[in-house]
Amino acid sequence: MYTAFLINQPSSDPGVYLELKYRRDAFLFDLGDMQHLPPRQIRKIRYIFVSHTHMDHFIGFDHLLRICLGRDQHISLFGPPGFLANVEGKLGAYTWNLVRNYTNDFALTVTEVHETCSVTRAYRCRSGFVPENEETRATGPGTLVEGEAYVVRAVFLDHSIPCLAFCFEEKTRLNVKKNVLEEMGLPTGAWLTRLKEQILNRDPEETPVRIFWKNEAGETQETFAPLGLLRDRAVKMTSGQKVCYITDAVWSEQNAARMIELARGAELLFVEAPFLHEDEATAARKHHLTARQAGRLAALANVKRLCLFHFSPKYKGREDLLQNEAQSAFSSRKPAGPPAGDSDQ
Ligand SMILES: [Zn+2]
């Protein structure tokens, strides 16, 4: 369960704030102007995913720093090639001689993602943000963060420079129906952890599940029941939802295939729609999508809901044209097929 929203109007700087209900973790996708995001929400941010460091996607870094400085907050940031230098450029723009006296230690862990590897450095306020603990891993995009309840993945898109697109996905939740177990004459206990693993692994239905408990004399007792029976009767499965964030990408065969794969089946797709399709040549020259391409992408990926942003200022006062064009392409819901040849519809 989550809430996700644009941090600015669709014509202003990009950024999506996503907060998990029942948990403290919040996520930010892109770091555009953050002035309108209340500080109490900024202080909940645990992870920030930056698509690329064109100014409108990264200018919020200073505001983030200002709000979080002097607090015990630890934020992990991810960005494309060059990201470490961009972050160090920002941190290097200020004088930090007084921070050693702070009682709290604001810290950043920054990962620069490449096609085939990633490089991480840490920066601590009380050390004056001097880079520390560099680590290189032989993994590129793909899974960036995996928590108990969610996973965040990324792919590279072509925006004349590498630009990351992100997908946040909740994991399937399994809840044991204790009343049903009782009716079945089965105890609760440690065996349920293994049962959940077996269900998530999609082990065969007939797999015997070992159910064990201690009797009053402290002796271990056991019985077995088929996985399929236990799953169907005593476990409620709730599939997790998926939210996708795609911005700054030219419409090409490779980009379209990657975007569709990333967004497939998402509950909510945040996607840029800077230009009307009549300005397709401008969009292509600037390596952006048109509203029609954004809507078509959402239809091909079979997403449930669409939220558009990154409108070009040239459509000021005419934003409804962008919304209408994208929604009309989205609602046409053409069956999935090769995205190339989307010249017109
Ligand atoms: Zn850009």
Taking [X] for the side chain and [Y] for the main chain, is one N or O donor matched with an acceptor at less than 3.5 Å?
X: S118; Y: T139; result: yes
X: Q293; Y: T290; result: yes
X: K171; Y: G147; result: yes
X: W191; Y: P187; result: yes
X: D158; Y: S160; result: yes

[X]-[Y] aromatic ring centre distance below 6.0 Å:
X: H57; Y: H159; value: no
X: Y123; Y: F106; value: no
X: F168; Y: Y150; value: yes

Roughly how far apart are [X] [atom1] and [Y] [atom2], rounded to 0.5 Å?
X: L289; Y: T247; atom1: CG; atom2: OG1; result: 8.0 Å
X: N133; Y: T109; atom1: CG; atom2: OG1; result: 9.0 Å
X: E278; Y: R292; atom1: CD; atom2: CZ; result: 9.5 Å
X: T282; Y: K286; atom1: OG1; atom2: NZ; result: 7.0 Å
X: L308; Y: E272; atom1: CG; atom2: CD; result: 10.0 Å
X: I67; Y: Q35; atom1: CD1; atom2: CD; result: 8.0 Å

Q: Any chance you could lay out the salt bridge (charged side-chain N to carboxylate O under 4.0 Å, His left out) test for E88 and R121, step after step, and finish with the verdict?
A: CA-CA 10 Å; E88 286 170 18; R121 289 180 196 154; 2.7 Å; yes

Q: Run the numbers on E219 and K214 for salt bridge (charged side-chain N to carboxylate O under 4.0 Å, His left out), then give the verdict.
A: CA-CA 5 Å; E219 297 155 343; K214 287 222 176 3; over 6 Å; no

Q | Worked check of salt bridge (charged side-chain N to carboxylate O under 4.0 Å, His left out) between K44 and E19 | A | CA-CA 8 Å; K44 284 186 186 171; E19 187 174 352; 2.7 Å; yes

Say whether [X] and [Y], considering side chains only, have a donor N or O and an acceptor N or O under 3.5 Å apart.
X: H52; Y: D248; result: yes
X: Y315; Y: D279; result: yes
X: E132; Y: S127; result: yes
X: D25; Y: Y47; result: no

Q.
Angle between ring planes, H310 versus H288, binned at 30° and 60°: parallel, tilted or perpendicular?
A. perpendicular

Q. So, is the end of the K90 side chain (NZ or CZ) under 6.0 Å from the ring centre of F58 and within 45° of the ring's axis?
A. yes

Q: Under the side chain to side chain contact (heavy atoms under 4.5 Å, CB included) rule, what do L297 and M259 come out as? Steps first, then yes or no, please.
A: CA-CA 8 Å; L297 164 69; M259 292 187 286; 3.5 Å; yes

Q) Hey, mind stepping through T172 and T238 against side chain to side chain contact (heavy atoms under 4.5 Å, CB included) and telling me if it holds? A) CA-CA 6 Å; T172 302; T238 314; 6.0 Å; no

Q: Assess whether side chain to side chain contact (heavy atoms under 4.5 Å, CB included) is satisfied between L6 and F270, documenting all intermediate values.
A: CA-CA 8 Å; L6 292 172; F270 290 95; 3.9 Å; yes

